[in-house]
Amino acid sequence: MPSTFTDHFAPIPVAPLEPTLPTTRSTRSPSTTRQASSNPLASISSSHPPLLANLAAATHRPRPSSDIELTAFSPGSPRIQDSQLDSSYDPDPDNRTHHRRSTSRAFASEEDLLDPMSRRKGGSGGTKRNTRSNKTERESLDDVMNSSSSVEYRKKGTRRGGVEGEDDLLREQLMHGERFSLDNNPEGELKDGRGDSGKSFFDLSKQDQRNFILLVLLYFLQGVPMGLAMGSVPFLLKHKLSYGEIGVFSLASYPYSMKLLWSPIVDAIWSRRFGRRKSWIVPIQTISGLMLVWMGGRAENMMEHAASTLYMFTFVFFMLVMLCATQDIAVDGWAITLLSQDNLSYASTAQTVGLTAGQFLSFTVFLAFNSPDFANKWFRAVPSEQGLMTLGGYLTFWGWTYLIVTVGLALLKKEDKTREKESLVAVYKTMWAVLSLKHVQTFIIVHLIAKIGFQANEAATNLKLLDKGFSQEDMALTVLIDFPFEIALGYYAGQWCSYFQPMRLWSWAFMGRLVAAVIAQITVYIFPSNGQVGTWYLCVVIAEHIFSTFTSTVMFVAVSAFHAQIADPTIGGTYMTLLATVSNLGGTFPRIFVLKLIDVFTKATCLPNPSLTSSAKPITFEPFSCALESDKQRCLSSEFNGVCNVEQDGYYIMNMICVVFGTVSFYMYIWPKVRYLQSLPLRAWREREGGGRL
């Protein structure tokens, strides 16, 4: 069954930091130890590896165009091999709850490192030193580091400047060269190097609380049309369109999986007078609001004549989703500057809360209140053929809400001014450099074929249940119960990534997802023949849905963790977003073909209904195919009052084809390649085949 919106909205782990390589006694030879005693940096590196990185950052003065980071520590130490490039220095390896690939760094200013007692004394007097002495000490440290032949330097966007204004400087550094996606949300760090994950919302400053609420609101508005395009509307169209025609409508969701293509434009073109992010958010929300109001007045007519207005309907939602995807790029970037540096982790929380709430409202809640059965059962004394909400009324309400929020945003919220501009050409060159890596190309192939095995299940199982008589109300209840399980399982999946290799966990979930597709087919097959859904069958559908969600969530979290592990931190935003885009595209592009093939494999014939008589004789007509939904509705209409006899259900055939393809491709290609990719050193993901970093 569909995994709701995990592939589009679930938070992706933060981008990786540059590895800090500890020098331990186990990797030192006796000669190394003797040489280190004469090196003032060696004694520091042996006991405090992170401190050396701070010392190097504060004392070394490279050319501005190529900031560097020291990653090896003493002249006599053996060359560190690729296989030893672990992504963290963990002083407490027994703490299993600490992710071994996460790292936290404390930055120190030059004065702090050269005179560590100055801050304790307070004031500026404690930091006053002889200028000549400072220069001599810095030059001697530079000479030591530059004379070491075994010291390896890596490009790193290090922080510039001293203590004063360091939050603003670090925030600018995080913005520089990044694609401003919360898929690459940097974790806030305190001065002592500890994360701020334990800080509650009420511990935030008043300004951060207000900005957090604003971010939730903006993400929530994005989630409303996304929930309709990816959830409710396909269900409402099922009784009017065939599977292939619904596949055409699924094209409306493609922009969200391809937003990387134009994200550099959003970051590079803007008005300094109006603000970097408001230059895009305000006009996009205005256009979106007007489109929603326009669609609200025409939605019912377009739904009534869905077959003839399908391409227009799809185009309108395609443009609406493209606007939401573009707004998402701008809001992601604004989140980095709206929140203070110590609370940047709340940007990802705002994205998760806002988008999830928006899609939940437009999918589960709207689907329930749009159902006449739900309204008649719980809210009406006199039955009606309409639900409490109509699609047109819902679109109109949110269209005006969009416009009101946009006016308030334009007038009341001021954006910090900045003059930073980014090069479009440089960003697109970076994307091409990532794509040119051999192992990235292999990984892209894995992403594009991996989800074919469960496409029939995720695209058509719920639609097939509705086709058989499963009510819209029961479907909304199933999704409602599944929702908290999805959130909880996502949390535990993240914990499991601390104990298992991400792609090994992903492979286990892959096999489980194939099993879920088989269970889903059995669930559809045992649908009650009398059309009456009892409690037992509803529980079966809910259990199958939860299991399917569980496997898809584990796959998503695991592959996201692997993305964070392999991405080059010097271009982390572009690298991570590119991989996430390809992963999402692998789940969207096969859908239209799978749904089309379900119609192709389905064989059904409309026959006269012998139970209906006219003048004591059955209505007779020439049998015709009713495999498509439009022909089926014509068969059941008063014109024929026939019976659509399904001789071959294309859903069962297509689902088994997908499962067989997934099984064969997994054991013959995906699993061997995944094991190989997991075993590669980090250098393989960051250097071109001919040598040289990206």
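Keep in mind that the numbers below use all heavy atoms, side chains included, and drop hydrogens, waters and symmetry copies.
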**Complete:** Between T551 and A516, the two heavy atoms sitting closest are OG1-CB, 4.4 Å
**Prompt:** With side chains defined as the heavy atoms from C-beta onward, is the minimum distance between R380 and L388 less than 4.5 Å?
**Reply:** yes
**Fill in**
Looking only at heavy atoms, the pair that brings V382 and N376 closest together is O-OD1, 4.4 Å
**Note, F397 side chain near L292 side chain (heavy atom, < 4.5 Å)** = no
**Mutual orientation of the aromatic rings belonging to F313 and F317 [parallel < 30°, tilted 30-60°, perpendicular > 60°]** = perpendicular
**Message:** Can you confirm whether L221 sits close enough to Y402 that some side-chain heavy atom of one is under 4.5 Å from a side-chain heavy atom of the other?
**Reply:** yes
**Asked** Going by the angle between their ring planes, with limits at 30° and 60°, are F369 and F379 parallel, tilted or perpendicular?
**Response** tilted
**Request:** State whether R298 and E304 are salt-bridged, where the test is any N-O pair (Lys NZ or Arg NE/NH1/NH2 against Asp/Glu carboxylate O) under 4.0 Å.
**Result:** no
**Asked** Can the positive tip of K377 be found less than 6.0 Å from the middle of the six-membered ring of F374, inside 45° of the ring normal?
**Response** no
**Request:** Flag the pair Q351 / D328 as yes when at least one side-chain heavy-atom distance between them is below 4.5 Å, and no otherwise.
**Result:** yes
**Asked** Hey, mind stepping through Q327 and S288 against side-chain hydrogen bond (donor to acceptor under 3.5 Å, both in side chains) and telling me if it holds?
**Response** CA-CA 10 Å; Q327 180 182 340; S288 299; 5.0 Å; no
**Message:** If we check side chain to side chain contact (heavy atoms under 4.5 Å, CB included) with T364, which of these qualifies: L477, D482, T478, V479?
**Reply:** V479
**Residue pair F640 / P608, side-chain heavy-atom distance below 4.5 Å** = no
**Prompt:** Parallel, tilted or perpendicular: which describes the rings of F363 and F235, with under 30° parallel and over 60° perpendicular?
**Reply:** parallel
**Message:** Could you walk me through whether T356 and Y219 satisfy the side-chain hydrogen bond (donor to acceptor under 3.5 Å, both in side chains) test, starting with their C-alpha distance in whole Å, then the side-chain angles of each, then the deciding distance to 0.1 Å, before giving a yes or no?
**Reply:** CA-CA 9 Å; T356 303; Y219 283 122; over 6 Å; no
**Request:** For salt bridge (Lys or Arg N to Asp or Glu O under 4.0 Å), just list the numbers for K464 and D649, CA-CA rounded to whole Å, side-chain angles, deciding distance to a tenth of an Å, and then say yes or no.
**Result:** CA-CA 10 Å; K464 177 57 67 175; D649 197 326; 3.1 Å; yes
**Prompt:** Relative to each other, are the rings of F624 and F621 parallel, tilted or perpendicular (30° and 60° limits)?
**Reply:** tilted
**Request:** Under the salt bridge (Lys or Arg N to Asp or Glu O under 4.0 Å) rule, what do E629 and K238 come out as? Steps first, then yes or no, please.
**Result:** CA-CA 8 Å; E629 188 64 27; K238 180 61 197 76; 3.3 Å; yes
**Item:** K632 bridged to D467 by N-O distance under 4.0 Å
**Value:** yes
**Request:** For the pair F360 and F483, name the ring-plane relationship: parallel under 30°, tilted 30 to 60°, perpendicular over 60°.
**Result:** tilted
